[in-house]
Structure formats: C-alpha cells, structure tokens
Amino acid sequence: MDDRLDRALQQLKADAPDTRLDRLEPAVWARIEGLHQGKESAFLFLPVRAAAVFAALAFGVVMGGFGASEARAQRQEVAVFSLESRLAPSTLLEGR
C-alpha cells in the first residue's frame with residue numbers, strides 16, 4: 001500500500017509551527033468582527049434590493065399579461081386539431 005499520507009503526516013509533525021498560537025485567537029475574532037461589519041453594511045441596501053426585485057416581478061407580470069392578451073387576440077391561421085382549418089390537407093384535397 002502507498003503510505004504517502006503517513007509520510008506527509010510525519011513530516012508535518014516534525015516541522016515547527018509557522019505561527020505562534022497565542023496570536024491565533026485574536027486573529028480569528030478580528031476576522032469574525034470583519035464579517036459582522038460586512039453584514040451590517042449589506043443591510044443598508046436591503047430596501048434597494050427589495051425594490052429592484054419587486055420592480056422586476058411587476059414588469060414581468062405586466063409584460064406577460066400583455067403578451068398573453070395579444071396572443072389571444074390574434075386568430076390562429078393553422079390549428080392542428082381545429083375543424084375550421086382552411087389549410088388542412090383534407091380541406092385542400094376535397095376542394096371545400
């Protein structure tokens with residue numbers, strides 16, 4: 001079996017640590033505080049983002065309704081299962 005992982009762990013154990021552990025905790029808390037400050041600034045733009053989502057939703061509903069009413073208003077010339085199809089092969093062949 002390949003024991004590369006075992007060799008790597010032994011080498012890691014033999015190496016000296018890069019940083020002192022007494023500086024680790026303050027660094028972690030500083031990063032956490034930085035993340036909290038970033039979230040607080042993100043809440044400032046919450047009304048703007050909500051307004052943009054609402055505007056996009058309203059625009060989609062209005063344009064979808066307009067497109068649906070336009071599609072319904074136009075008469076379909078060729079309908080596959082319609083009895084009134086002027087261009088159906090059976091109608092053209094019979095000469096009606």
Side-chain angles (χ1 to χ4, degrees):
M1 260 178 60
D2 190 17
D3 58 347
R4 286 183 293 173
L5 182 60
D6 291 332
R7 281 186 275 139
L9 287 174
Q10 290 297 330
Q11 184 179 358
L12 185 62
K13 188 169 114 176
D15 291 343
D18 291 341
T19 59
R20 294 179 46 111
L21 294 179
D22 60 347
R23 290 186 247 155
L24 180 64
E25 185 177 0
V28 169
W29 284 113
R31 287 189 69 187
I32 290 172
E33 184 64 32
L35 291 174
H36 283 298
Q37 288 175 355
K39 287 182 181 178
E40 289 172 0
S41 64
F43 282 120
L44 294 175
F45 293 107
L46 185 62
V48 174
R49 289 187 291 176
V53 168
F54 179 75
L57 182 63
F59 182 75
V61 167
V62 168
M63 293 308 289
F66 178 71
S69 66
E70 286 292 318
R72 190 177 299 161
Q74 293 177 356
R75 185 170 184 260
Q76 298 291 331
E77 289 295 323
V78 178
V80 177
F81 298 110
S82 174
L83 297 176
E84 301 176 10
S85 292
R86 292 183 295 127
L87 300 176
S90 60
T91 306
L92 294 174
L93 289 174
E94 289 180 12
R96 291 185 189 179

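All values below were derived from every heavy atom in this structure, side-chain atoms included, with hydrogens, water molecules and symmetry-related copies excluded.
Put simply, CD on Gln10 and CG on Leu5 are 10.5 Å apart, with the number rounded to the nearest 0.5 Å. Here the CG atom belonging to Asp15 is positioned 12.0 Å from the NZ atom belonging to Lys13, to the nearest 0.5 angstrom.
A continuous path of ILVMFWY side-chain contacts below 4.5 Å connects Ile32 to Leu24, so both sit in one hydrophobic cluster.
Within 6.0 Å of the CZ atom in Arg7, the count of heavy atoms belonging to other residues, nucleotides or ligands exceeds 12.
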